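Working notes, structure below.
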There are 2 protein chains.
Amino acid sequence: MRATVKDVAKLAGVSPKTVSNVINGVVFVRPETRARVEQALAELDYVPNMSARGLRNGRSGMIALALPDLLRPYSAEIVHLVVELAHERGWGVQIEQTAAEPKREFELLSKARAYLVDGLILNPVNLDDSAVLSAGPLPPLVLIGDVDQDLVSQVAIDNVAAARDLTKHLLAQGCRRIAVVGTPEIPRGSSGAGVLAGSAEAPGTAASRLRTAGYHQALEEAGVPIDPALEIGLDRWRPEGAATVVGKYLAEHELPDAFFCFTDTIASGTLSALWSAGIAVPQQTLVAGFDNILESQFMIPPLTTVDFDRRAFVEAALDLLGERMSDKNAAPRRVMVPHRIVIRNSTTR
Amino acid sequence: MRATVKDVAKLAGVSPKTVSNVINGVVFVRPETRARVEQALAELDYVPNMSARGLRNGRSGMIALALPDLLRPYSAEIVHLVVELAHERGWGVQIEQTAAEPKREFELLSKARAYLVDGLILNPVNLDDSAVLSAGPLPPLVLIGDVDQDLVSQVAIDNVAAARDLTKHLLAQGCRRIAVVGTPEIPRGSSGAGVLAGSAEAPGTAASRLRTAGYHQALEEAGVPIDPALEIGLDRWRPEGAATVVGKYLAEHELPDAFFCFTDTIASGTLSALWSAGIAVPQQTLVAGFDNILESQFMIPPLTTVDFDRRAFVEAALDLLGERMSDKNAAPRRVMVPHRIVIRNSTTR
DNA sequence: TTGAAAGCGATACCAG
DNA sequence: CTGGTATCGCTTTCAA
C-alpha cells in the first residue's frame, strides 16, 4: 500500500500538517524538523494523491484542449505547443476531439465543471454553437480560432484580412480566375441547406466563412467579378477529400489561374491532384495555402501560405486561461495574433 | 456553489446513498424513487466531482499517452486514435511529450502512481535509458513501438522484417546503392560516442537500430556489400533536418539508386531536397518511407512505404492496458501487428 | 430497497 | 512554529 501524509508524519514524529507544510514549502518549518520529514518522505517513497489534493483544493492542475480534428498536422502543432507550454506552468493537458459535434463541446464544458480539469481551451467549429456559451455557469474557458462573440476570452488571427492579403498576392501575380478550396459542400442558401439549417451539420465553419469573406473582399477591391463556380466545396479539411474534389473539378472545368486552399493540408491534396493531372505548378497554375504548417515548406513546390506565430498564439491562450482560472470574474479579453504571407515557389513563376 | 449528492438527496427527500445508486445504476432503485432523484438531479444541474470520486474509488478514469515528439504527423495519428478509442471505453486521455528525455519518463511514472492517471501508454525512445526498467512499482503500463523487453506489456510491429521487406523491394527494382536516412548522427562506436555513452543522448533509438538491422539483412541476403557511406545520419526525425542532411549529401556524393527513409516525414524532406537539386523521382532515384502516414499518398510522387493497421495497433494497446488496469498481476503480453509494403509511384518507374 | 455513518488523502483553520 | 481536527464530495459497508 502507498504511503500517505499520515504515515510520513508518524515516521517523522510530526503531525500531518507539518508534512504538508514541508511539501508545499509555504510556511516556515524549522530546518531540523524539515530534515526529518524529508528523510521520511524519501524513505517511504511518498507520492501525493492528486485526487485527494484536487478534492481539497478544488483544482486538479489539469487543463483540457479540445480540437475538431486531431489528425490534421495543424492540430499536431497546437497540441505540441500547448503540452509544452502548459508543462512549463505545471499544468497537465487532457486532449479531446470534438469532431465537429457540438454535443461533444457540451460534454466538455460539464467535464470541466466536474473539476476534472481546471480550464478548457476550445477550438469551436460552429458559430451557432455559441449558444453553448449562453447556457449555465462556464468553467474557465478560452476559445481559439474564429468565433464572433464577446462572452468568452479568445485568441485568434484576423482571418478576413489574412485571406484578403493572400488573395491580393495572387491577384498581383496576374491571376484573375482564382479558385478557393474549402467552402461548404452544400452552399449556403441552396436547396439542400434548409433541411440542415440549425443542425450540427449546418454548412460552413466560422473559419471557412471568414476566409471566403476575405477572398471576396479582395476580388471586389480589384474589380474582379465573384464567380461561384470557382468556389470548390469541401467540408472535411483533409488531403484525401481535397485531392478527390479538385481532381473532379479539373475534369469538368477550365483550369483556374490559381487555387487558394483554406488550409495547407488542402493545398497538399490539391498539389497532388494537379500533379496527377499533369499540370505544372507554378507554370500553369498557382497554389496557396493557409497555416504554414511545418510540411508546407517541403511540399513540391514549396507552398505560399499564411503564417502566424503559433507559439505566441498558444502562449496567449494559456495566459488568458490563467487569468480566468485565477479570477473567475475577470473580464473576457480577446487577443489578435498578427499574420503574414509567406511567399514560396508555388505562387512565383 | 455547485450542487452535491447531499443537496440532491435533500431535494429528492432521500439519502445520498440512494442518489449514488441512481447515478451509478448498479443496484435496483424503485422507479418512483428513481424518478424523484432524476428530477432533482436535473433541477440542480448536478455534475459529479471527479476528484472526490477518484479519491474514493482509487481511479481517475484517465489514462496518459506519452510520445517522444508530438509534432510529427505520425504522432497526430496515434493521438487521434487513442483519444477516439479511449473515449469509447469511457477514458479520458492526458498527453505528454517525453522529447527523448528519460527524466520526463520518470515524472510520468510517478504521476501515474499519484493516481492522476490509471494507466500509461508510453512510446519509449531508448529503453536502455528508459525509466521503465529501473523498476520500482510500475503503474499499469503498455509500451508501444520497438523495445526488446519482457517486463511490460507491449504492442509493436516487426521493424526488422518490415525494413528488410522494403529493402528487398528496392533491390527488386534493380537498386544496388541504397541509402538509408535516419541512422544516428554519431555512429555507434565512433570516437564521439564514448562521451555520450549511457546518457540521454546515446545515439540510436530502438527504431533506428531495428530498421538498420533489417536493411543490412536484406543487403546481405542479396549479396550486396554494406557501405557505411550510404547511411545518412539524422537524429531528429523531422522534414527540415532530412532536407538539410540529404541536400548536403547530394552535394558531396554520387547519387544513390534509392533512399530508404526511416519515416515518411523524413521521406518528405528527402523528396524536397531531391526536387531542389533537380533530381527526378522515380526516374533518377527512388524514395521510400515508413509508417504510411495520411500525407504519404499525396506526396509528389506518391510514396512507397511500410503500412500497418494503426487502428488495430492502438486498439491492441488499449486492450492490453485494460488488462493491466483490471488485474495488476496479469502477465505482460506482447502483441505484434502485421505490416505490409505499400508500393506507390516513388519506387516504380 | 433505503438510511446512517465511516472514511478515502490532503489541507486549512484554530489553538497552543 | 506545530498539533489536533474538520472538511472537500462521493461511495460503501452495515443496519434497518
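Within every chain, numbering begins at 1; the chains are lettered A, B, ... in the order of the sequence lines, protein sequences first and strands thereafter. For clarity, every value in this text was computed on a predicted model and none was experimentally measured.
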Specify the separation, in whole Å, of atom CE of M50(A) and atom P of dC8(D).
-> 22 Å
May I have the distance from N49(B) (atom CG) to dC8(C) (atom P), rounded to whole angstrom?
-> 18 Å
In whole angstrom, what separates D7(B)'s CG from dG9(D)'s C1'?
-> 10 Å
Checking R311(B) against F313(B): charged group under 6.0 Å from the ring centre and within 45 degrees of the axis?
-> no
Evaluate whether atom CZ of R236(B) has more than 12 neighbouring non-hydrogen atoms of other residues, nucleotides or ligands under 6.0 angstrom away.
-> no
Considering heavy-atom distances to DNA chain C, does L55(B) or G13(B) have its closest nucleotide positioned more toward the 5' end?
-> G13(B)
Any sub-3.5 Å donor-acceptor pair from S326(A)'s side-chain atoms to G322(A)'s backbone N or O?
-> yes
In whole angstroms, the gap separating C1' of dT11(D) from CG of N21(B) amounts to 9 Å
Rounded to the nearest Å, what distance is computed from the CG atom of residue L44(B) to the P atom of nucleotide dC10(D)?
-> 12 Å
With the side chain defined as heavy atoms from C-beta on, P16(A) is closest, among dC10(D), dG3(D), dT11(C), to dT11(C)
Mind calculating the distance between OH (Y46(A)) and C1' (dA10(C)) to the nearest angstrom?
-> 7 Å
Heavy atoms, side chains only, cut-off 4.5 Å: are M62(A) and M62(B) in contact?
-> yes
Contact class for V14(B) vs. all strands (heavy atom < 4.0 Å): base, sugar-phosphate, or nothing?
-> sugar-phosphate
Does any donor-acceptor pair link the side chain of R56(A) with the base of dT7(D) at a separation under 3.5 Å?
-> yes
Any side-chain N or O of T33(A) less than 4.0 Å from the OP1 or OP2 oxygen of dT2(D)?
-> yes
Please state whether the phosphate of dG9(C), meaning OP1 or OP2, lies under 4.0 angstrom from any side-chain nitrogen or oxygen of T4(A).
-> no
Between dG9(D) (P) and N57(B) (CG): distance, integer Å = 16 Å
Whole-Å distance, R36(B) CZ to dT1(C) P, equals 15 Å
With respect to the side chain of A52(A), which nucleotide from dG9(C), dC10(D), dT2(C) is positioned closest?
-> dG9(C)
Audit row: I95(A), V79(A), side chain to side chain contact (heavy atoms under 4.5 Å, CB included) steps and yes/no | CA-CA 8 Å; I95(A) 302 289; V79(A) 168; 4.1 Å; yes
Under 4.0 Å: is that the gap between some side-chain N or O of T18(B) and OP1 or OP2 of dG3(C)?
-> yes
